[in-house]
Amino acid sequence: MQTLPEILPTEGRHVLHLCFRVEYSAWELLNKSSRIAAKTALADLVREIRGTPSTQLLHFSMVTPKADLCFMLLTPDLQVADAFAKRLAIALGPDILTPTFSWFSMTERSEYTTSDQEYALTLEAEEKLTPESPAFEEKMQAFRTRIAKYLKDRLEPNLPDWPVVCLYPMSKRRAPGQNWYALDFEARKKLMAGHARVGRTYSGRILQLITGSTGLDDEEWFVTLFAKTTSDIKAIVYEMRFDEVSAQFAEFGEFFIGLQLPLDALYDRLML
Ligand code: 76R
């Protein structure tokens with residue numbers, strides 16, 4: 001096969017969320033050995049994808065009939081993402097999986113992360129540390145380490161196996177007099193700091209991945225939340241609605257809840 005030049009982002013990963021319905025009428029027509037062969041083919045492909053460098057594949061059983069199963073694929077090269085996506089769609093055989101929903105996005109850094117300079121100013125203003133002091137340098141060093149890890153988690157996430165997953169697209173409002181993109185940077189940064197403050201109270205209970213889809217798909221971001229219980233999902237999304245950024249500027253698409261299961265448990269759940 002011809003090897004095409006890679007299509008790489010300047011940093012981070014391409015991300016595909018791919019949701020399917022299982023066509024049970026077609027599955028019922030397969031005999032036992034064909035079913036085993038189909039499940040083995042998908043399992044082999046999952047293993048191949050997981051063995052690809054810098055690539056992660058997750059799969060979910062979806063809780064309502066909006067979809068039966070979804071894959072979430074993160075990989076740098078868009079040629080690879082596209083090829084894997086097409087193979088996943090037919091790995092169980094033709095006519096077994098029908099796409100019901102999909103999203104294309106990319107991991108991205110936040111525009112609003114605290115810069116070195118801003119942090120240095122807070123140390124001087126709030127902690128009364130002078131730049132020459134060892135304590136100042138120590139704190140700056142700790143800050144740089146924290147930011148580097150944070151940035152890596154955002155751009156090259158290593159997603160957890162937490163069982164509850166919530167997926168939805170969202171955009172920032174662009175209405176006359178209420179246009180996020182007409183606010184200046186400082187105003188947006190201040191609003192996002194409030195958002196992050198709420199978010200951090202869910203540390204350890206919610207792990208969020210916000211990927212950007214402006215120019216790539218119908219809304220501007222795709223939200224992937226991981227939790228150990230649906231109560232935390234419901235609570236954070238509810239609480240965020242009161243936070244000014246969401247209250248004033250958030251527009252939401254369709255919501256999906258999935259369960260992250262090992263592949264054999266997923267097959268059992270789907271009665272395949
Ligand atoms: O990334 C960070 O941790 C830094 C602060 C931060 C940014 C920049 C942050 C923190 N978010 C950021 C950006 Mn978020 N987030 C959402 C939703 O349902 C809703 O109302 C909104 C969906 C949730 C639940 C959530 C959770 N966040 C964004 C953006 C991009 C906006 C932009 O760039 O203009 C969107 C669309 C968005 C939406 N956010 C956090 C959380 C949580 C839990 C945190 C804290 C993370 C942590 O500190 O561990």
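Just follow the structure's listing: the first ligand is 1, and inside any ligand the first atom is 1.
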>> With heavy-atom distances below 4.0 Å as the criterion, list the atoms of ligand 1 near W180.
In response: 34 (O)
>> Give me the nearest non-hydrogen protein atom to atom 35 (C) of ligand 1 as residue plus atom name, then the distance to 0.1 Å.
In response: I210 CG2, 3.6 Å
>> Does the protein come close to atom 18 (O) of ligand 1 - that is, does one of its heavy atoms sit below 4.0 Å from that atom?
In response: yes
> Going by distance alone, is a donor N or O of one side chain under 3.5 Å from an acceptor N or O of the other, for E6 and Q79?
Replying inline: no
>> Can you check which of P169, G199, G204, C166 brings a heavy atom nearest to atom 43 (C) of ligand 1?
In response: G199
>> Salt bridge or not between K149 and D153? Use side-chain N to carboxylate O under 4.0 Å.
In response: yes
> Looking at R154, which atoms of ligand 1 are within less than 4.0 Å of one of its heavy atoms?
Replying inline: 1 (O), 2 (C), 7 (C)
>> Is the terminal nitrogen or CZ of K189 (NZ for Lys, CZ for Arg) located under 6.0 angstrom from the six-membered ring centre of Y112 and within 45° of that ring's axis?
In response: no
> Does H14 reach the main-chain N or O of P76 with its side chain, forming a donor-acceptor pair under 3.5 Å?
Replying inline: yes
>> Which residue and atom name correspond to the protein heavy atom nearest atom 32 (C) of ligand 1, and how close is it?
In response: W221 CZ2, 3.3 Å
> Do S246 and D243 meet the criterion of a side-chain donor-acceptor pair at a distance under 3.5 Å?
Replying inline: no
> If hydrogens are left out, which of Q208, K172, H195, E108 has an atom nearest to atom 15 (N) of ligand 1, that is, the closest non-hydrogen atom?
Replying inline: H195
> Between Y202 and E239, is any side-chain donor less than 3.5 angstrom from a side-chain acceptor?
Replying inline: yes
>> Check whether F252 forms a cation-pi arrangement with R241 (NZ or CZ under 6.0 Å from the six-membered ring centre, at most 45° off the ring normal).
In response: yes
> Considering M240, E239, M192, which one's heavy-atom position lies nearest to atom 13 (C) of ligand 1?
Replying inline: M192
> With respect to atom 20 (O) of ligand 1, which of A193, G212, S246 exhibits the smallest heavy-atom separation?
Replying inline: S246
> Should one rank F242, Y168, Y150 by closest heavy-atom distance to atom 22 (C) of ligand 1, which comes out on top?
Replying inline: Y168
> Is the side chain of K39 donor-acceptor paired with the backbone N or O of L272 at a distance under 3.5 Å, no angle test?
Replying inline: yes
> If you measure from each non-hydrogen atom of R188 to ligand 1, which part falls under 4.0 Å: side chain, backbone, both or neither?
Replying inline: neither
> Identify the closest protein heavy atom to atom 5 (C) of ligand 1: which residue and atom is it, and at what distance?
Replying inline: A196 CB, 3.4 Å
> What is the closest protein heavy atom to atom 21 (C) of ligand 1, and at what distance does it sit?
Replying inline: M170 SD, 3.5 Å
> Going by the order shown, which atoms of ligand 1 are within less than 4.0 Å of some heavy atom of F252?
Replying inline: 18 (O), 19 (C), 20 (O)
> What atoms of ligand 1 come within less than 4.0 Å of a heavy atom belonging to S110?
Replying inline: 8 (C)
> Any side-chain heavy atom of V22 within less than 4.5 Å of one from L69?
Replying inline: yes
> W221 and S105: side-chain donor and acceptor closer than 3.5 Å?
Replying inline: no
> I236 heavy atoms, cut-off 4.0 Å: which ligand 1 atoms fall inside?
Replying inline: 43 (C)
> Taking only heavy atoms of Y112, which atoms of ligand 1 are found under 4.0 Å from at least one of them?
Replying inline: 32 (C), 33 (O), 34 (O)
> Taking all atoms of both residues into account, what is the closest heavy-atom pair of K172 and E251, and its distance?
Replying inline: C-CG, 4.4 Å
>> With a sphere of 6.0 Å drawn around CD of E118, does it hold more than 12 non-hydrogen atoms of other residues, nucleotides or ligands?
In response: yes
>> Is Y202 close enough to touch ligand 1? Criterion: a residue heavy atom under 4.0 Å from a ligand atom.
In response: no
> What protein heavy atom sits nearest atom 48 (O) of ligand 1, and how far away is it?
Replying inline: R200 CG, 2.9 Å
